[in-house]
Amino acid sequence: MILLDGKKTSNDIKEEIAIAVDGMKERGEKVPHLAAILVGEDGASLTYVGSKVRACERVGFESTLVQMPDTTSEEELLNTINDLNTNDAIDGFIVQLPLPKHIDEQKVLMAVNPNKDVDGFHPENFGKMALDMDSFIPATPFGILQLLERYEVETKGKNTVVIGRSHIVGRPMSILMSQKGPAGNSTVTLTHSHTKNLSEITKQADIIVVALGIPEFLKGDMVKDGVVIVDVGISRVPDASKKRGYAIKGDVAFDEVSKKSSFITPVPGGVGPMTIAMLLKNTLIARERLANL
Ligand code: GUN
């Protein structure tokens with residue numbers, strides 16, 4: 001069994017990005033600038049956005065955090081998005097999800113300038129991705145592809161089963177794994193909460209991507225020997241033996257499933273760190289595209 005080490009791989013990618021930024025500085029060019037809008041005080045979102053800002057500093061990017069109270073109206077948020085859309089200093093930005101209930105998420109994502117949409121959530125980017133055109137690929141699926149590529153995991157002709165059809169992970173992953181490309185060319189089954197006999201399907205899988213958010217959902221008796229496992233889950237489970245009172249669990253029962261796996265991502269330290277690295281990569285791409293306009 002080989003661990004798909006997202007911590008190491010994401011550090012390699014961040015190092016590559018930092019070298020590219022050094023080159024920009026030496027040539028006197030503008031360095032990439034990522035902005036993040038955070039509405040409200042959700043604890044997990046604060047942690048994620050904080051990590052994104054720190055990662056920017058590490059690679060030499062500029063960063064801006066726009067914090068808005070959870071009483072922010074939809075109109076105020078749309079105005080802020082418009083400011084970032086038209087601010088030449090900002091190369092890319094994200095609106096951290098989830099948003100407060102009174103704000104229409106679709107309307108907000110549609111308002112982001114597709115050329116600055118480094119999350120790849122705008123329908124223009126999603127459509128381009130599905131049509132094999134140049135676009136921003138959402139960071140988590142992009143990170144998974146990078147892990148598979150860099151560990152030279154064979155995907156061509158394999159049966160890939162994706163569990164979960166979220167717009168951020170499952171749905172784009174199902175498209176990308178079937179596309180022509182180094183991590184791709186596989187035969188994909190997208191499964192979800194209405195799928196019948198899931199175990200029968202997962203037992204046929206050469207590669208399983210689980211993005212459900214249910215701790216330890218995928219058990220050892222649901223997979224075949226030699227399977228490749230990508231675990232996107234990250235849940236806090238109460239654990240009195242830990243100082244902080246909880247443990248971080250993925251969607252895979254790691255001890256059972258890893259025994260049967262050829263490759264597997266750990267949680268934490270697998271897909272999670274890759275997501276931030278690929279957000280930085282998308283921001284670098286955004287800057288390079290803007291510089292060449
Ligand atoms: N919330 C959970 N994942 C993400 C992500 O990748 N981007 C944004 N903007 N919000 C998220």
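Order of listing sets the numbers, starting from 1, for every ligand and every atom in it. Below, each value reflects all heavy atoms present in this structure, side chains not excepted, and no hydrogens, waters or symmetry copies. We're numbering straight along the sequence, starting at 1.
- Checked by distance only, ligand 1 and Val95 come closer than 3.5 Å through their nitrogen or oxygen atoms.
- By the criterion of a heavy-atom distance under 4.0 Å, neither the backbone nor the side chain of Thr275 is placed next to ligand 1.
- Checking Thr155 against Ser186 by side-chain atom types alone, no donor-acceptor pair falls below 3.5 Å.
- The protein heavy-atom contact nearest to atom 3 (N) of ligand 1 is Ile168 CD1, 4.2 Å.
- Under the 3.5 Å distance criterion, the side-chain polar atoms of Thr275 are left unmatched by any main-chain donor or acceptor of Ala139.
- Residues Thr64 and Leu84 are not in side-chain contact: their nearest non-hydrogen atoms beyond the backbone lie 4.5 Å or more apart.
- Between Asp119 and ligand 1 there is a heavy-atom distance shorter than 4.0 Å.
- Looking from atom 10 (N) of ligand 1 to the surrounding protein, the closest heavy atom is Leu97 N, 3.0 Å.
- With hydrogens left out, the protein atom closest to atom 11 (C) of ligand 1 is Gln96 NE2, 3.3 Å, a heavy atom.
- Look at Tyr48 and you'll find every heavy atom at least 4.0 Å from all atoms of ligand 1.
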Chi angles and distances behind the salt bridge (charged side-chain N to carboxylate O under 4.0 Å, His left out) call for Asp255, Lys259
CA-CA 7 Å; Asp255 291 347; Lys259 288 195 183 86; over 6 Å; no
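- Using a 4.0 Å cut-off between a side-chain N of Lys or Arg and a carboxylate O of Asp or Glu, Glu216 and Lys249 qualify as a salt bridge.
- Gln96 and Lys52 share a side-chain donor-acceptor pair at under 3.5 Å.
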